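Okay, structure first, notes after.
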Amino acid sequence: MPQLSYAKYGKDNVRLYKVDKNEKTGVHTVIEQTVCTLLEGDIETAYTEADNGPVVATDTQKQTIYIMAKQHAIDPPEQFAATLGNHFVKTYPHIHAAHVKIIQHRWTRMTIDGKPHPHSFFRDGEEIRVVESVTRENQGVDIKSKIEKLLVLKSTGSAFYGFHRDEFTRLPETWDRILSTEVEAGWKWKTFKDVAEVKKVDFNGAWQRARDITLKIFAEDNSASVQATMYKMGEQILADVPLVEEVDYALPNKHYFEIDLSWYKGLKNTGKDATVFAPQSDPNGLIYCTVARTPKSKL
């Protein structure tokens, strides 16, 4: 006989904007997020017996997000995610776990005539800050923080040579190439016992440190490969943020290929003479790694 082996449900793509207005200075601070909540627990009969009794309606979840945002800080997003998860688990006895994902969108304060504007902002890139949390009844809060869609490029300082070659290999070795990638970086925190413990952590500082490390190592590392560079990034984040248990990166190669223009009057545009390139969309390399304090298993 078939049986329900796992289930969760909730509300996705809840758009949330909150403004903090400093009445004394007139300075506004804005936060925009997209929130998803998913609940699990004693909800089997909703699936197997058409019994809606245990269903906390997804509209109720949406309204909860708005009310919690009014009553609590939504920055840092890690703290807001834990606050939401705690509410669902504590409020509904039959709900035993709450999954919360928050995407925080960029709004950067405008500088007008050399001064920060008190209430005007602009979107300066597609980079997003992402938080994924799971609050489990009597087990605490697990949180993962992420940077996504951070597009970076450097025009030199990257090589790729000495790789395995066989009868199918056509790629030439290079000691100087363009390196570009769209960074997806995540760091998993130790399990927190409750929201009070979550509130003690400087998540914003850790996010900024992880971002700074990513950019600094990307820019300054004389990269032997994407693999070698991303490992250094993860290693440094673990060294700088003691409460982080592991760091993972996903870095796709954004290729830029030389164009041979010698057919036109012997125009030199390869090797050291290359200045005009053709950006490629696909196919592309895709490299992953996880750097942990205590390896769980050998590769």
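Just so we're clear, the structure is a prediction, and the values are computed from it rather than from any experiment. Scope of the values below: all heavy atoms of this structure, side chains included, with no hydrogens, waters or symmetry mates.
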Next item on the list: Report yes or no: do Asp212 and Gln208 form a side-chain donor-acceptor pair below 3.5 Å?
Entry: yes
Would you say the side chains of Ser145 and Trp207 form a donor-acceptor pair under 3.5 Å? no
**Item:** Enclosure of Trp175 CH2 (heavy-atom neighbours >12, cutoff 6.0 Å)
**Value:** yes
- Is the shortest heavy-atom distance from the side chain of Met68 to the side chain of Lys70 under 4.5 Å? no
When rounded to the nearest 0.5 Å, the distance separating CG of Asp20 from CG of Asp75 is 10.0 Å
State, without any angle test, whether Thr135 and Asn86 hold a side-chain donor-acceptor pair at a distance under 3.5 Å. no
- Step-by-step side chain to side chain contact (heavy atoms under 4.5 Å, CB included) determination, Val201 to Phe192: CA-CA 10 Å; Val201 179; Phe192 300 103; 3.6 Å; yes
Closest non-hydrogen atoms of Asp59 and Lys11, given as atom of the first, atom of the second and distance, are N-NZ, 4.3 Å
| Distance-only, no hydrogens or angles: does the Arg136 side chain make a donor-acceptor pair with backbone N or O of Val89 under 3.5 Å? | no
Is there a donor-acceptor pair under 3.5 Å between the side chain of Lys144 and the backbone N or O of Gly186? no
Please evaluate residues Trp107 and Arg123 with respect to the criterion side chain to side chain contact (heavy atoms under 4.5 Å, CB included), reporting the C-alpha separation (whole Å), side-chain torsions for both, the decisive distance (0.1 Å), and the verdict. CA-CA 5 Å; Trp107 284 116; Arg123 178 72 48 86; 3.2 Å; yes
When every non-hydrogen atom of Glu173 is compared with those of Gly162, the smallest separation belongs to OE2-N, 2.8 Å
Item to complete: Say whether Leu238 and Tyr249 are linked into one hydrophobic cluster, either directly or through other cluster members, by side-chain heavy-atom distances under 4.5 angstrom.
Response: yes
Those residues at least two apart in sequence (or on a different chain) that pass side-chain contact (heavy atoms from CB on, under 4.5 Å) with Leu38 are Lys8, Cys36, His99
Is there a donor-acceptor pair under 3.5 Å between the side chain of Asp194 and the backbone N or O of Ala196? yes
When rounded to the nearest 0.5 Å, the distance separating CG of Leu84 from NZ of Lys101 is 15.5 Å
Walk me through it: do Glu44 and Asp42 pass the test side chain to side chain contact (heavy atoms under 4.5 Å, CB included)? CA-CA 6 Å; Glu44 297 91 344; Asp42 300 326; 4.3 Å; yes
With a 4.5 Å heavy-atom cut-off, do His87 and His72 have their side chains touching? no
field: Connected via hydrophobic side-chain network under 4.5 Å: Val27 and Val19
entry: no
Q. Between Arg293 (side chain) and Val244 (backbone), is there a donor-acceptor pair under 3.5 Å?
A. yes
- State whether the side chain of Tyr9 and the backbone N or O of Val56 hold a donor-acceptor pair below 3.5 Å, judged by distance alone. yes
- Less than 4.5 Å apart, any side-chain heavy atom of Leu16 and any of Thr34? no
Of all heavy-atom pairs linking Cys289 and Met230, the shortest is SG-CG, 3.5 Å
What one should report as the nearest heavy-atom pair of Gly85 and Val100 is N-CG2, 4.0 Å
Next item on the list: Verify, without hydrogens or angle tests, whether Lys232 (side chain) and Ile217 (backbone) share a donor-acceptor contact under 3.5 angstrom.
Entry: no
- Checking Arg209 side chain against Ile237 main chain: does a donor-acceptor pair fall under 3.5 Å? no
Does OH in Tyr264 sit with more than 12 non-hydrogen atoms of other residues, nucleotides or ligands closer than 6.0 Å?
-> no
Taking every heavy atom of Pro77 against every heavy atom of Ile102, the minimum-distance pair comes out as O-CD1, 3.5 Å
Quiz item: For Glu245 and Lys188, what are the C-alpha separation, side-chain angles and deciding distance, and is it a salt bridge (Lys or Arg N to Asp or Glu O under 4.0 Å)?
Solution: CA-CA 6 Å; Glu245 291 187 339; Lys188 181 180 179 296; 3.3 Å; yes
| query | Gln33 side chain to Ile74 main-chain N or O, any donor-acceptor pair under 3.5 Å? | reply | yes
- Report whether Ile178 and Val276 are members of the same hydrophobic cluster (ILVMFWY, side-chain heavy atoms less than 4.5 Å apart, transitive linking). no
Across all chains, not counting sequence neighbours, the salt bridge (Lys or Arg N to Asp or Glu O under 4.0 Å) partners of Lys190 are Glu197
Could you list the donor-acceptor pairs under 3.5 angstrom formed by side chains in residues 146-153, with sequence neighbours left out?
from, atom 1, to, atom 2, distance (Å)
Lys146, NZ, Glu148, OE2, 3.0
Lys146, NZ, Glu184, OE2, 3.1

- prompt: Side chains of Asp142 and Thr191: donor-acceptor distance under 3.5 Å anywhere?
  reply: yes
* To do: Just say parallel, tilted or perpendicular for the rings of Tyr92 and Phe88, cut-offs at 30° and 60°.
  => parallel
Distance col, row Gln79:CD vs Lys199:NZ, nearest 0.5 angstrom, shows 5.5 Å
- request: Taking the side chain as every heavy atom from C-beta outward, state whether His105 and Ile103 have any atom pair closer than 4.5 Å.
  value: yes
Can Ser155 and Tyr256 be said to form a side-chain hydrogen bond (donor to acceptor under 3.5 Å, both in side chains), step by step? CA-CA 10 Å; Ser155 54; Tyr256 290 74; over 6 Å; no
In this structure, CG of Asn222 is separated from CG of Asp176 (nearest 0.5 Å) by 9.5 Å
To the nearest 0.5 Å, atom CZ of Phe203 lies from atom CH2 of Trp187 at 11.0 Å
For residues 274-291, the side-chain hydrogen bond (donor to acceptor under 3.5 Å, both in side chains) pairs (sequence neighbours left out) are none
Identify whether the distance between the nearest side-chain nitrogen and carboxylate oxygen of Glu78 and Arg129 falls below 4.0 Å.
yes
With a 4.5 Å limit on heavy-atom distance, are the side chains of Arg15 and Glu32 in contact?
yes
Handout entry: Thr169 side-chain N/O to Asp166 backbone N/O, donor-acceptor pair under 3.5 Å
Key = yes
Verify same cluster id: Val14, Tyr17 (apolar side-chain graph, 4.5 Å) = no
For Ser225 and Arg177, the nearest pair of non-hydrogen atoms, with its separation, is CA-NH2, 4.5 Å
Sorted by chain and number, sequence neighbours left out, salt bridge (Lys or Arg N to Asp or Glu O under 4.0 Å) with Arg106 holds for Asp124, Glu127
Checklist entry - Does some side-chain heavy atom of Arg109 sit less than 4.5 Å from a side-chain heavy atom of Thr29? => result yes
When rounded to the nearest 0.5 Å, the distance separating CG of Asp240 from CD1 of Ile213 is 4.0 Å
Any side-chain heavy-atom pair from Ile112 and Ser120 closer than 4.5 angstrom? no
By salt bridge (Lys or Arg N to Asp or Glu O under 4.0 Å), Lys216 pairs with (sequence neighbours left out) Glu220
Check your understanding: Is atom OH of Tyr6 surrounded by more than 12 heavy atoms (other residues, nucleotides or ligands) closer than 6.0 Å?
Key -> yes
Open item on the list: Let me check something: do Leu261 and Phe257 share a hydrophobic cluster, defined by ILVMFWY side-chain heavy atoms less than 4.5 Å apart, either directly or through other members?
Closed with: no
Are the side chain of His94 and the backbone of Pro54 linked by a donor-acceptor contact shorter than 3.5 Å? yes
Paired with Asn253, the side-chain contact (heavy atoms from CB on, under 4.5 Å) test is passed by just one of Ile287, Leu286, Thr181, namely Ile287
